[in-house]
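Notes to accompany the following structure.
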Protein chains: 2
Amino acid sequence: MSKPLKIALVQTEVLPGRPRENADKIIRLMSEAKSNNARLVIFSEMAVPGYLLGDTWESASFLSDCLSQNERIVAASKELNIAVMFGSVAVDQTKRNNDGRLRKYNAFFTAQNGTLSAPADAPYPFSIKTLLPNYREFDDSRYFFSLRKLAYELNRQPEELLQPLSIIIDGENYLIGRLICEDGWGDDYDFQVADTLVSNCLDKYGRSLDLFVNISASPFTLGKNQKRHRVFGENSRRHNTPLLYINHTGIQNNGKTIYTFDGSSTVYDRSGTILAAAAPYEEEILYTEYNKSSGDIVALNCPQTVTESSCESESIYCALRYGIKHFLDSTGISKVVIGISGGIDSAVTAALYAAVLPPENLLLINMPSRFNSATTKDLAHQLADAIGCRYAVAPIEESVELTVKQINNTPVHFAGETSNLKVSDFVRENIQARDRSARILAGFAAAFGGAFTCNANKAELTVGYSTLYGDQAGFLCALADLWKHQVYDLARYLNDTVFHKEIIPQGTIDIVPSAELSDAQDVDAGKGDPIIYPYHDYLFRSFIERWDKATPADILRWYEDDTIDSKIGCVSGLTRQLFPTPDKFIEDLERWWKCFSGLGIAKRIQAPPVLAISRRAYGFDHRESQNGVYFTTEYIERKDKLLSSN
Amino acid sequence: MSKPLKIALVQTEVLPGRPRENADKIIRLMSEAKSNNARLVIFSEMAVPGYLLGDTWESASFLSDCLSQNERIVAASKELNIAVMFGSVAVDQTKRNNDGRLRKYNAFFTAQNGTLSAPADAPYPFSIKTLLPNYREFDDSRYFFSLRKLAYELNRQPEELLQPLSIIIDGENYLIGRLICEDGWGDDYDFQVADTLVSNCLDKYGRSLDLFVNISASPFTLGKNQKRHRVFGENSRRHNTPLLYINHTGIQNNGKTIYTFDGSSTVYDRSGTILAAAAPYEEEILYTEYNKSSGDIVALNCPQTVTESSCESESIYCALRYGIKHFLDSTGISKVVIGISGGIDSAVTAALYAAVLPPENLLLINMPSRFNSATTKDLAHQLADAIGCRYAVAPIEESVELTVKQINNTPVHFAGETSNLKVSDFVRENIQARDRSARILAGFAAAFGGAFTCNANKAELTVGYSTLYGDQAGFLCALADLWKHQVYDLARYLNDTVFHKEIIPQGTIDIVPSAELSDAQDVDAGKGDPIIYPYHDYLFRSFIERWDKATPADILRWYEDDTIDSKIGCVSGLTRQLFPTPDKFIEDLERWWKCFSGLGIAKRIQAPPVLAISRRAYGFDHRESQNGVYFTTEYIERKDKLLSSN
């Protein structure tokens, strides 16, 4: 009966682009794990450099800094007398990537007694990521050389390079199947890493693996954990082998889009059952014991077995709260100004910041013009009172008047003559929006010593229903990955579950959404936005979040065969009710498709960073080129046929 | 003696994301080539869909639109009785990419008599791009399945899949080596496509290729054509085989960065000599005749053999002029407003737009505050007079005063008390900058029915020496890929060579660069920007354009061994002259490194699109994550050693 192996799964925050700080923390936690008698301690993928670093990967001296930090960790395995597994970048100074720069690998390191452990015939003393994700925010193949290319270079088969790690701890020999993140998600690849590791293990050692270890740098996405439990659980079941999943916390970004990392590290037993899971977004060490002779694994702490709430609003709230707090910390912003209109988006944004900032560091500003109703002004005031933070009212009428007069009265000289420009009502609307953000909010924020927020939601961002340098401005757009209905759900969740009182006035939840930039948007007359959220939320979602992004050709096809409601996911019957005739449906569809693929893109190019929660966020997750509006031939033919037949 | 083969190399503008329009044009030009007795007509890479489309590649219905356009072109080869080669996207509906979406290839199609021609044992009736670039703006491996992966899937060697195309035209059999763009740039790959094609050709046919055909979608980059001539010429020489290079014109973008495509299609004879070249940025058809029996190739038109000027300013001017004109066309902007300060950047921007817009559609606005000197106000007026376009003066003092007063006097309520914010001098500076752009320029542009420009240069963008929603705002940043010294060179070029008169006042070229936002920036007192361009232009360039991006560790090493001037490329001796002591050097280095990797990134995330000319442009060419400032351990140790030793 062999002594069980005590393993520490470390879920900790990784600071992207800060190898020294990360290594310091890793070594500190190795020592903590050792003091708790762990014999093996495991950290996440890219635990040293961080993962989303953009082209910092092209800096040779940044890379050598990472390598020297890797070495410190390897040395610590001797000083602390504990085996360690961690993910980091590996460099082969003698070779080049296909871009001519240093050869880099996304690597899985194992160290013991101050030296790296690897199979005797391995090309390197570490294993490398086999499946390199190259979609959404992932750019692995931009920076890291693939196992397939390496195999070709070495004139070997890729499968040969996938060998289990044989490691001896306290006299016991363990066979470990090393996986890096995507290696565990092989459905769409012609290469099954886990299966190959198992069969190579049987060939080489005559027995199967003791454990799978998957180290990841996996950003939060709604519903992803549930899918992981299915995929990873099934893998453990199929191979009758426990799997240890180690993911880190923190936030990382690619500039335009910010991702939260929820950790949710998990221990799966050989039946695929979740034995233990670290709390989402918490820094925790999971201790487990693996018994080689029985093949059993037990959890020594963290009885929790749920990695994500089944309540969508709760998951969204946790991600946004964590993302906002850490983005403020990472950018050094401690004071925030929010323009509040009395509407739902700014109210929910204010409530979210109220959950992370002390009230004295939060300043809400209502900026009425002649078009703002007493109703919304009161709602804004109510919100500020309920939150109990700083509050100011800064009217824009005087400044807008000055601007309109200045534009109308400034002589424009040309060819010896002078003329004047004329401000139309529409131009005046945008002057108001810019006056609020670029003049009031930016000015107050600077004087306050802080930054101001952008409160746009995903529906508005999709069709560019916002003004550049106006309501689209801000240092962060926290709601930009939420559809309007998700914003309303979050509002109720904040009142009911987070604050246990009516922080967001019921009137704000009930009132018709409106920009209040003209008499045409008079909320008291029930007039507001041109976007019909119960329908357009779902139509717009099909443009961007659907796996095979929908175009008007698909949507018109669905309208014709009357499957559109189920295809886009809106309430059954709603589409025909809103658009009883094809011409009305087509008019609406083309209006918004033009906004989405036209000016909407131009505005998103200059939009603030977006906090991602969905499977497709704007910014640098869903990547866009500004190529103007296009309708496919199928669409044009369907449209002509449909309209002529009516 | 066989009849020579007349070939038409078509260099035409490709509209990204507009397959139908591109196919219409291709078919029209096929017929033109036919009427000129060509028997083979060749178009560029991705001539049907365009190349930089972002995640539009994920739309199944967009892809089927592309496929139906491909079919039209294939059919036209029969109707017009001419063989055609063109690049487009190919789809295998039965397979998936690794992201689970439709299997896509970057493909080279050859059609004759209405059917596709390919080697008998080829997996598909088209050839696919072998080397998929995945650096700078290139994302090929995000969207297109590689030949290497396909070979693995088919259980064949990649080399086997690289076969010459045997095609019979007018009874003669020609062996063609098909290359797609990067396939001709193999230096950094372990896979030489041209060599493989040649050896496979010898094995299979007992003789070498008749021709190499390289179809490309290759954006303009300073100096790239010269390098191409070396690489492609050497390839023709080595294999004693002519090479036809077909690139398209037009502009394409990835949202944040806009690329011009200069075409510069070229005929290389078997000695590697340039026989003919299409004019950069012009739509042209090059006609050549290939004589199979002699192996000779002759150019029938376009005697030009230079594809790019050796004068940097001329190359830059051609790229910017073309890029601005086409970006205006593609976005439907016909009227432009430019804020002119009397300084060099806005003057050069104005001169560039004057070269593409009629004077009545160009409105220059000078926006003085109390800090603007009579000197610069006069220079702005001189510029407008010299251009002869619309001109207006719109002072900002009154509005800025109103804003400062409003911020200072608005009561801020908190915990039952009220207080006031205070506007500092620095805050006032940024209020001025935002007032000019977000209030005046945006308002005037909207009333004028046009858009306004951003005039920032690359040095300013590097360190964020600009104000968000202020001078950093605009619909396009045409100078954002030019260092300050390149802006000055361009100014002289515009006066001397383009306009043949002093459009840009000499005073503007001579005056000290200054933002004139405070008394500290009084140009008449010779005071201006904190950036010392003759040094910082080159220091900043090493941060981003250097192949192995430099960090302070590299730069300090160069300072220590006194190679910094040559390493960064500034005037010899300048660094020591500016920073005689290490502490001063380090203070300056850290100041700007913090700006570059800190707030500079935050500002670039919301910057306008950048027109690219260098080997590394901001936006989505040089990709950045907002991770804050980091100094490597090597830097810290060198710094401590250096400072303690002094």
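Predicted, not measured: the structure shown is a model, and the values here were computed from it. Chain A is the first sequence line, chain B the second, and so forth, proteins listed ahead of strands; every chain is numbered from 1.
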Could you tell me which portion of B:I365 (side chain, backbone, both or neither) has an atom closer than 4.5 angstrom to a non-hydrogen atom of chain A?
neither
Quick one, B:N253 and A:N627 - any side-chain contact, counting heavy atoms below 4.5 Å?
yes
Do the rings of A:Y152 and B:F191 sit parallel, tilted or perpendicular, given the 30° and 60° boundaries?
tilted
If we ignore angles and hydrogens, is there a donor and acceptor under 3.5 Å between the side chains of A:S68 and B:E634?
no
Based on non-hydrogen pairs under 4.5 Å, which of B:P133, B:P16, B:G54, B:A394 is most in contact with chain A?
B:P16
Tell me, out of B:A442, B:A446, B:G388, who's got the most heavy-atom pairs with chain A below 4.5 Å.
B:A442
Out of curiosity, B:S625 OG to A:W57 CH2, how far, rounded to the nearest 0.5 Å?
10.0 Å
What I'd like to find out is whether the side chain of B:E58 reaches to under 4.5 Å of the side chain of A:R616, using heavy atoms alone.
yes
Per-residue contact mode, B:P359 against chain A (heavy atom under 4.5 angstrom)
both
Determine whether a donor-acceptor pair (N or O, by modelled atom type, separation under 3.5 Å) exists between the side chain of B:R20 and the backbone of A:F631.
yes
Contact class of B:T633 relative to chain A, heavy atoms under 4.5 angstrom
both
Determine the minimum heavy-atom distance between B:R390 and A:V412, stating which atoms define it.
CB-CG1, 3.9 Å
Quick check for you: among A:N430, A:L53, A:L63, which has the greatest number of heavy-atom pairs under 4.5 Å with chain B?
A:L53
What do you reckon, are the aromatic ring centroids of A:F620 and B:F620 less than 6.0 Å apart?
yes
Can you tell which of A:A473, A:G470, A:P609, A:A553 has the highest number of heavy-atom pairs within less than 4.5 Å of chain B?
A:A473
B:Y635 versus A:S61: any side-chain heavy-atom pair under 4.5 Å?
no
Can you tell which part of B:P19 gets under 4.5 Å to a heavy atom of chain A, answering side chain, backbone, both or neither?
both
Over all atoms of both residues, closest heavy-atom pair of B:T410 and A:A392
CG2-CB, 4.0 Å
B:N98 side chain to A:D188 backbone, donor-acceptor under 3.5 Å:
yes
Point-to-point distance, once rounded to the nearest 0.5 Å, from CZ of B:F475 to CD of A:Q606:
10.5 Å
Heavy-atom pairs under 4.5 Å with chain B are the metric here; pick the option from A:Y391, A:Y135, A:F426, A:W185 that has the most.
A:Y391
Using a 4.5 Å cut-off on heavy atoms from C-beta on, say whether the side chain of A:S330 contacts that of B:Q626.
no
More than 12 heavy atoms of other residues, nucleotides or ligands under 6.0 Å from CD of A:E153: is that the case?
yes
If we define contacts as heavy-atom pairs under 4.5 Å, which of A:E182, A:R136, A:R546, A:E21 has the most with chain B?
A:R136
Measure A:S419 against the heavy atoms of chain B and call it side chain, backbone, both or neither at under 4.5 Å.
side chain
Give the C-alpha distance, both sets of side-chain angles, the deciding distance and a yes or no for side chain to side chain contact (heavy atoms under 4.5 Å, CB included) between B:I440 and A:Q406.
CA-CA 9 Å; B:I440 297 285; A:Q406 186 170 17; 3.4 Å; yes
Just give me the residue among A:C389, A:G619, A:A602, A:S424 that pairs up with chain B most often, heavy atom to heavy atom, under 4.5 Å.
A:C389
So, the part of B:I555 with a heavy atom under 4.5 Å from chain A: the answer is neither
When heavy-atom pairs shorter than 4.5 Å are enumerated against chain A, which of B:G443, B:P608, B:G628 gives the highest number?
B:P608
Reported OG1-to-CZ distance for the pair A:T632 and B:F62, which is rounded to 0.5 angstrom
9.5 Å
B:E360 side chain to A:F414 main-chain N or O, any donor-acceptor pair under 3.5 Å?
no
Counting N and O atoms only, with roles assigned by atom type, does the side chain of A:R434 sit under 3.5 Å from a partner on the main chain of B:A438, one being a donor and the other an acceptor?
yes
Checking B:P411 against chain A: side chain, backbone, both or neither under 4.5 Å from a heavy atom?
backbone
Segment of B:F138 engaging chain A (4.5 angstrom heavy-atom cut-off)
backbone
Point-to-point distance, once rounded to the nearest 0.5 Å, from CD1 of B:I601 to OG1 of A:T331:
12.5 Å
Using only heavy-atom distances, determine whether the side chains of B:D65 and A:Y630 contain a donor-acceptor pair under 3.5 Å.
yes
Go through the atoms of B:T418 and report whether side chain, backbone, both or neither lie under 4.5 Å from a heavy atom of chain A.
neither
So does A:V629 get a backbone contact from the side chain of B:R18, meaning a donor-acceptor N/O pair under 3.5 Å?
yes
Could you tell me which portion of B:A607 (side chain, backbone, both or neither) has an atom closer than 4.5 angstrom to a non-hydrogen atom of chain A?
backbone
Does B:K422 use its side chain to pair, donor to acceptor, with the backbone of A:A447 at less than 3.5 Å?
no
Is any side-chain heavy atom of B:R148 closer than 4.5 Å to a side-chain heavy atom of A:S146?
no
Mind ranking B:H413, B:K149, B:E624, B:E398 by heavy-atom pairs under 4.5 Å with chain A and telling me who comes out on top?
B:H413
Nearest atoms (heavy-atom pairs only) where B:I605 meets A:K256:
O-NZ, 3.0 Å
Is A:L468 close to B:Y469 at the side-chain level, that is, under 4.5 Å between some pair of heavy atoms?
no
Most chain B-contacting option - heavy-atom pairs closer than 4.5 Å, from A:I251, A:T56, A:N254:
A:N254
So for B:D621, is it side chain, backbone, both, or neither that comes closer than 4.5 Å to the heavy atoms of chain A?
backbone
Go through B:S399, B:S141, B:C66, B:G50 and name the one with the most non-hydrogen pairs under 4.5 angstrom from chain A.
B:S141
Could you check whether any side-chain heavy atom of A:R623 comes within less than 4.5 Å of a side-chain heavy atom of B:R142, counting everything from C-beta outward?
yes
Check whether A:K549 reaches the backbone of B:A60 with its side chain - one donor and one acceptor, N or O, closer than 3.5 Å.
no
Do the side chains of A:I431 and B:R439 get nearer than 4.5 Å, heavy atoms only?
no
Reported CG-to-CG distance for the pair A:N134 and B:D139, which is rounded to 0.5 angstrom:
7.0 Å
Contacting region of B:V400 [heavy-atom separation from chain A under 4.5 Å]:
neither
Working to the nearest 0.5 angstrom, can you tell me the gap between B:W547 CH2 and A:L102 CG?
12.0 Å
